[in-house]
There are 2 protein chains.
Amino acid sequence: MTTRRVNLNTESADNYLKAVFALGGPEEERVSSTALADRLGVAPASVTNMLQKLATSPVPFVEYESRRGVRLSAAGRRRALEILRHHRLLETFLYEVLGYPIEEVHDEAERLEHFISERFEERIDAKLGRPKFDPHGHCIPALSGKMSKQTSRPLSDIEEDGEFVVDSISDQDSVLLKRLNAHGVTPGARLHVLRLSQEEFVLRAGGRFKPLQLPLSGAGAVRIRPND
Amino acid sequence: MTTRRVNLNTESADNYLKAVFALGGPEEERVSSTALADRLGVAPASVTNMLQKLATSPVPFVEYESRRGVRLSAAGRRRALEILRHHRLLETFLYEVLGYPIEEVHDEAERLEHFISERFEERIDAKLGRPKFDPHGHCIPALSGKMSKQTSRPLSDIEEDGEFVVDSISDQDSVLLKRLNAHGVTPGARLHVLRLSQEEFVLRAGGRFKPLQLPLSGAGAVRIRPND
DNA sequence: CTAACTATTTAGGCATACCTAATTAAGTCC
DNA sequence: GGACTTAATTAGGTATGCCTAAATAGTTAG
């Protein structure tokens, strides 16, 4: 009985690999099925199923031990970074070249990232002047797959008031993103941070912007680095 | 027994509608299952199956009588033109903005046309200055779905030698397209046409281009109009 | 140490969009 | 007008990627 050869160059497989990459964090820790199911909006059983395929393909995309979570193999990591590169180049392109509002780039890039060719990738990269960061401040993986380490930390970690520089902003919540943008909270902006309470922050991005009160959940979406 | 509600906003359905539109011609004649199967590269049985779905959906996309062929309904025509608009705007965009070689725009556009949003469509249209023609000389349908009639005729129809202007070139065969391009056979170019024989043509696009000998099949890909 | 809880996997289904093989309808040829 | 031929349809099957429900493993609590 030969195992049937399955095609894993699919949008769906891409999304699983992206999710494992995102949830594994910089340490590439093992990720649980439930966490993946949550993030992908599918049933846990569907996750198990896909992980088994990804793990047993001729070139495995994940290392997977039953009930012990998954992490990416070298091939899986390569693929995840390629898609991430597509995503971030597309976001930059939509923002810079097509004048998209910042809060709309994510969804469009999320769809298109699976379908653009290498030529398309190369052409927009060239057109944009080989950018290193997308409009949310996230680093764009190089073609080689190399990606620089993050030295920033989440705003939600800040205990003491102070001045910081906005490093990056999550693109997951477009409503929040729009609000942050309207208050001048954009990558590179200088930020006065007041920790009102355990649950509440106040941000000020300078004279021309109104201060913004932000709950802890929102503060998790903003990453900052020291002022100088 | 209620008929199951099926979702027909799929890439596959799009492709069937496009094919019916293309094969139906300007007169929107009925198209046979076999012709569709050929063009789409699927088995005739698959065509029958999809046509039945397209015909019986709450808003039908085709008029279909068993064994008598199909044509588009108003809704189907609208959809086909929308996709065609996407396709041709994308081709123009890839060519003008991203500097694609002419023979590569088709395949990329063919993939992306199904996934771009209305915003994307609007932004590239604006960026390009609301173009009326794509780089192959094909007219881009307006947002309203209106499309001007073709007054050109295929080069293969020409019996007598003469001077003509290139109207448009089919984007179906990229190898041919590249060759035509290399010999200066591009939309708007002035063309000396010699009919060597029933099967062979010779084209000359002016001093700086070498003459090109073309078989009847290749001549079918070029549409021309009178010189002045 | 066993009961209970929770995470995960297995088993069995469904929809989409294909396929092949078998059947039926329609058109043509004496 | 019956026999052929060809086009088109029906019937039944496959792979993908999802689902729910049931079973199982691992973990925690008394």
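Lettering of chains follows the sequences in order, A, B, ..., and the numbering in each one begins at 1. Any value given below was found using the heavy atoms of this structure, including those in side chains, with hydrogens, waters and symmetry copies removed.
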For this session: Would you please say whether a donor-acceptor pair under 3.5 Å links the side chains of A:Q52 and A:Y64?
Result: no
Exercise. Between C:dT16 and B:K53, is there an OP1 or OP2 to side-chain N/O distance shorter than 4.0 Å?
Worked result: no
Problem set entry | side-chain contact (heavy atoms from CB on, under 4.5 Å), paired with B:L216, selected from B:R195, B:E200, B:Q198 | B:R195
Exercise. When you match B:T48 and A:V42 each to their closest nucleotide on DNA chain D, which lands nearer the 5' end?
Worked result: B:T48
Exercise. With a 4.0 Å cut-off on heavy atoms, is B:S12 in touch with a base, just the backbone sugar-phosphate, or nothing at all?
Worked result: sugar-phosphate
Exercise. What's the CG-P distance between A:L8 and D:dC18, to the nearest Å?
Worked result: 12 Å
For this session: Provide, to the nearest angstrom, the distance between the CG atom belonging to B:D14 and the C1' atom belonging to C:dT16.
Result: 14 Å
Exercise. Separation of A:L36 atom CG from D:dC18 atom P, in whole Å?
Worked result: 12 Å
Seminar exercise, completed: In whole angstroms, the gap separating P of D:dG12 from CG of B:N49 amounts to 14 Å
For this session: Would you tell me if any nitrogen or oxygen in the side chain of B:T10 comes within less than 4.0 Å of OP1 or OP2 on C:dA17?
Result: yes
For this session: Take atom CE of B:M50 and atom C1' of D:dT10, then tell me their distance rounded to the nearest Å.
Result: 17 Å
For this session: Would you check if there is a donor-acceptor pair between the side chains of B:D171 and B:H138 at a distance under 3.5 Å?
Result: no
Exercise. Does the A:R111 side chain pair with the main chain of B:F115, one donor and one acceptor, at a distance under 3.5 Å?
Worked result: yes
Problem set entry | Short side-chain N/O contact from B:Y16 to OP1 or OP2 of C:dC18, under 4.0 Å | yes
Problem set entry | From CG (A:N181) to NE2 (A:H136), nearest 0.5 Å | 9.0 Å
For this session: Assign A:G41 to base, sugar-phosphate, or nothing according to its heavy-atom contacts below 4.0 angstrom with the strands shown.
Result: sugar-phosphate
Seminar exercise, completed: Residues at least two apart in sequence or cross-chain that pass side chain to side chain contact (heavy atoms under 4.5 Å, CB included) with A:A22, listed by chain then number, are A:R39
Exercise. Quick one: is A:S66 getting a side-chain N or O under 4.0 Å of the D:dA25 phosphate, OP1 or OP2?
Worked result: no
Exercise. Given atom CG of A:L40 and atom P of D:dC19, what is their separation to the nearest angstrom?
Worked result: 10 Å
Show me the protein contacts with nucleotides 20-24 of chain C, counting only N or O atoms at under 3.5 Å.
from, atom 1, to, atom 2, distance (Å)
C:dT24, O2, B:R67, NH1, 3.3

Seminar exercise, completed: note: B:R68, atom CZ; C:dG27, atom C1'; distance rounded to Å ~ 14 Å
For this session: Provide, to the nearest angstrom, the distance between the CD atom belonging to A:Q52 and the P atom belonging to C:dA11.
Result: 10 Å
Exercise. Hey, are A:R123 and B:E104 close enough for a salt bridge, meaning a charged N less than 4.0 Å from a carboxylate O?
Worked result: no
Exercise. Hey, does A:S33 reach any base, or is it just sugar-phosphate, or nothing, if we go heavy atoms under 4.0 Å?
Worked result: sugar-phosphate
